[in-house]
Amino acid sequence: CLCPRRQAGGDESGDSGSDSGGEQGKSRVYRGESAMGQWQMLVDKDYREKIQDPEFRPEAYISDYMYWLMKVKSDFQWQPPLNQCIQAMRDSCVEEVIEVVASTKQELGLLQACMDEYYTVRHDFRFNNLRLPSGSHLLPMGAFRGKNLKSSVVYEKMESLPVPAEFFFGWAKHDITQQKIEAMKDFHMVKLAWCGTYCTNLLAAIDAFFAEVLEDLAMCGSLETPMPHPPHMSHLYLKHCEGRELAVDAVTPRSNISDSSEEGCQDIVGLEAEAASSGTMQE
């Protein structure tokens, strides 16, 4: 189960292909293209398709914006490190894994005939343009998940499997030793631990991003959504303005307070003038 999952190649050289070709093709498509440009292209295409629906509501398109944002960010930023980790794990494996799909009962019979009772391919076998090298052995995966491949009972009942049935064959890259297997397991455990940490931090960042989006919507949603009707003239739109009509002079100081303060200032000035004049006469 620690071996990589790969597709068999159709060449005569015996080299098996890899399903990472689709990932490499995707990277070639995105190469030289900015994430923002890719997001804008996908949003414009999706918007043109959905606007044809008479029930389409443009104000509800924010969920689609979020979907395409997550999609493009995943393709450009989140997936490449994981793809590199998976490729490193594949390179460290001691076996190649070749996947074969039998779609009919006749194909099941052909696969059964190419193997012996020990679930090992007797000789090089071509199946639907895929090559199974001699010595490849069936793995307990796909249609045989949980099966005991040490017993010939499963081999005898192979033709009764429901179709389509997936077969996974393991093919040794080179001489396999116990030390190589242990090294592969240790390397896989290190990479799996890194993947767990990476995905945990990634999910925490996504949760924080959604929390920020929710806060932004709660703050500005009432200003951007259409109002059902204009506010009534008898209503004050802002709640903190409700008390401004109760007192006309609430904004300015009251008149009696202003007059008393002015009279107090005049009395102080008069007392200072009298004190100064009396001191001059005494001299």
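On a predicted model such as this, the values are computed, not experimentally measured, just so you know.
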Verify same cluster id: Met41, Trp68 (apolar side-chain graph, 4.5 Å): yes
Test side chain to side chain contact (heavy atoms under 4.5 Å, CB included) applied to His137 and Leu139, step by step: CA-CA 6 Å; His137 59 95; Leu139 298 175; 3.2 Å; yes
Side chains of Tyr47 and Asp64, donor plus acceptor under 3.5 Å: no
Within 6.0 angstrom of Glu215 CD, more than 12 heavy atoms from elsewhere: no
Heavy atoms from other residues, nucleotides or ligands near CE of Met189 exceed 12 (cutoff 6.0 Å): no
Distance-only polar pair, side chains of Gln87 and Asn83, donor-acceptor under 3.5 Å: no
Between NZ on residue Lys191 and CZ on residue Arg90, distance to nearest 0.5 Å: 14.0 Å
Residue pair Trp39, Met36: steps toward the side chain to side chain contact (heavy atoms under 4.5 Å, CB included) verdict: CA-CA 5 Å; Trp39 176 81; Met36 191 64 191; 3.7 Å; yes
Hydrophobic cluster membership, Tyr67 vs Ile62, 4.5 Å side-chain cutoff: yes
Whether over 12 other heavy atoms sit under 6.0 Å from Gln106 CD: no
Linked, directly or transitively: Phe209 and Leu214 (ILVMFWY side chains, under 4.5 Å): no
Spacing of Glu182 atom CD and Lys185 atom NZ [to the nearest 0.5 Å]: 5.0 Å
Tyr155 side-chain N/O to Tyr119 backbone N/O, donor-acceptor pair under 3.5 Å: no
Any Leu111 side-chain heavy atom under 4.5 Å of Glu107 side chain: no
ILVMFWY network linking Phe187 to Val190, side-chain heavy atoms under 4.5 angstrom: no
Within-4.5 Å side-chain heavy-atom neighbours: Asp124 and Ser134: yes
Least distance between heavy atoms, Leu108 atom then Met158 atom: CD1-O, 4.0 Å
Audit row: His188, Cys93, side chain to side chain contact (heavy atoms under 4.5 Å, CB included) steps and yes/no: CA-CA 9 Å; His188 282 196; Cys93 287; 3.4 Å; yes
Thr120 side, atom OG1; Leu132 side, atom CG - distance, nearest 0.5 Å: 12.0 Å
Side-chain touch Ile86/Cys195, heavy atoms, less than 4.5 angstrom: no
Leu42 side chain near Val72 side chain, heavy-atom distance below 4.5 Å: yes
From Ile98 atom CD1 to Phe168 atom CZ, the distance as rounded to the nearest 0.5 Å: 11.5 Å
Taking every non-hydrogen atom, the tightest pair across Ser74 and Pro80: O-CD, 4.1 Å
Sub-4.5 Å side-chain heavy-atom contact between Ile51 and Glu49: no
Leu149, CG: over 12 other non-hydrogen atoms inside 6.0 angstrom: yes
Lys150 backbone acceptor or donor facing Asn148 side chain under 3.5 Å: yes
Under 3.5 Å side-chain donor-acceptor pair for Asp75 and Gln38: no
Phe169 and Leu130, any side-chain heavy atoms less than 4.5 Å apart: no
Distance-minimising heavy-atom pair for Cys199 and Leu82: SG-CD2, 4.4 Å
For Val43 against Tyr65, the heavy-atom pair lying closest together: CG1-CE2, 3.5 Å
Lys157 atom NZ: more than 12 heavy-atom contacts under 6.0 Å: no
Side-chain donor/acceptor of Arg126 to backbone N/O of Arg131, under 3.5 Å: no
Expected output: side-chain Thr200 to main-chain Gly196 donor-acceptor under 3.5 Å: yes
More than 12 heavy atoms from other groups under 6.0 Å of NZ on Lys147: no
Arg48 and Asp44 ion-paired at < 4.0 Å: no
Side-chain touch Glu159/Lys105, heavy atoms, less than 4.5 angstrom: no
Close side-chain approach of Trp78 and Met70, heavy atoms under 4.5 Å: yes
Aromatic plane relationship, Tyr61 with Phe56 - under 30° parallel, 30 to 60° tilted, over 60° perpendicular: perpendicular
Hydrophobic cluster membership, Val101 vs Val121, 4.5 Å side-chain cutoff: no
Output field: ring centroids Phe167/Phe144 closer than 6.0 Å: yes
Nearest heavy atoms of Lys173 and Glu95, plus distance in Å: CE-O, 4.0 Å
Minimum heavy-atom distance between Pro81 and Tyr198, given as atom pair plus value: CG-OH, 3.6 Å
